[in-house]
Protein chains: 2
Amino acid sequence: MVDKIDVKILEVLKNNSRLSFAEIGRMINLSPSSVRERIQKLEDSQIILGYNVNLNYKLLEYDLEAFILVKVFHGKLTSFLNVLNHIEEIVEAHRIIGNQNVHLKVLLKNQIHLQELIDRLMAFGDTQTLLVLSKVK
Amino acid sequence: MVDKIDVKILEVLKNNSRLSFAEIGRMINLSPSSVRERIQKLEDSQIILGYNVNLNYKLLEYDLEAFILVKVFHGKLTSFLNVLNHIEEIVEAHRIIGNQNVHLKVLLKNQIHLQELIDRLMAFGDTQTLLVLSKVK
DNA sequence: ACTGAAATATACCGGAG
DNA sequence: CTCCGGTATATTTCAGT
């Protein structure tokens, strides 16, 4: 399904998803049309889900990043999962196995902002906040 | 520094970073050249750090995703931070505040693969693994 | 998967507001 | 200083092979 050439294309796109088909083709020795066809197939088969921009949130005045582990109260899980999608500070959410059952990645302007978010989350479960100091990788 | 129009452009790029300048311009009523100039500036000022592809790792046979919290042994932190970059299963790493001091996001093919990774990490600190069940957001 | 050719888009520069 | 046209160059797109 996904051959060696597809993997090469994906590697290139991981580094810069805005490259033209022509440029990608030059990098891996393939004609632009073939690159296009392959990327089209990768999109159609849902292997490629989308293309994102990597932003420097520090410069956008979002200085605070944190992971929040939530132990959701019994019976509150489905409503919590619904609410998540409307809280824009939550940039990623995963259900997990363990003592807590939801893992959030959140992006905030400052400590007050974090406090407000935690206040909202407390209605759904017990929270444990892991404040990010720096991105290492 | 970053005005209303820039924010609009960033919103568009968040949803699809592969759109042409012309298309972005059409969406926000700006000429292609202006879109280009603004994006160039956002890149130059390091507000835009790069463009990524969002992959469906399940279809690429990476069925297992986990977060690993590491309480690094005293004196091992710098060597651990160096090693991180050479372990390709670790897709993201953050230094955090709390009982543990490093938060990892890892991507694996299966449980054996996870076990091998944890064995390697155990040389540097105590680990707590949060296995991902599903992505909720 | 490649080629060719028409339709689009980009990059660059000069000029207007 | 930002935005917009004009144009030469490059890319995309689609047909046919």
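Letters A, B, ... are given to chains in the order of the sequence lines, protein chains preceding strands, and every chain is numbered from 1. From a predicted model like this one, the values you see are computed outputs, not experimental measurements.
With no hydrogens or angles considered, no side-chain donor-acceptor pair links B/N101 and B/K71 at under 3.5 Å.
Other cluster members for A/I96: A/F67, A/L69, A/L130, A/V132, B/F67, B/L69, B/I96, B/L130, B/V132, joined by side-chain heavy-atom distances under 4.5 Å among Ile, Leu, Val, Met, Phe, Trp and Tyr. Here A/I112 is tied to no hydrophobic group at all, with no ILVMFWY side chain closer than 4.5 Å.
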Under a 4.0 Å heavy-atom criterion, the protein footprint on nucleotides 3-17 of chain C, written with B, S and -, is B-----SSSB-----

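With rounding to whole Å, B/I28 atom CD1 is found 10 Å from D/dC4 atom P. If you take CD of B/Q40 and C1' of D/dC1, they are 16 Å apart, rounded to a whole angstrom.
Around NZ of B/K137, the count of heavy atoms belonging to other residues, nucleotides or ligands within 6.0 Å exceeds 12. Within a 6.0 Å sphere centred on CD of B/Q111, other residues, nucleotides and ligands contribute 12 heavy atoms or fewer.
The ring-ring contact (aromatic ring centres under 6.0 Å, His included) search around A/F21 returns none, not counting sequence neighbours. Partners of B/E116 by salt bridge (Lys or Arg N to Asp or Glu O under 4.0 Å), not counting sequence neighbours: none found.
Note: the hydrophobic cluster containing A/I48 does not contain B/Y51 (ILVMFWY, side chain heavy atoms under 4.5 Å, direct or indirect links).
Taking only side-chain nitrogens and oxygens, B/K41 comes nearer than 4.0 Å to OP1 or OP2 of D/dT2.
Note on the helix from C/dA1-D/dT17 to C/dG17-D/dC1: terminal axis deviation equals 40°, with five pairs used at each end and the result rounded to 10°.
Within the 4.0 angstrom heavy-atom criterion, no nucleotide atom of any strand lies near A/I5.
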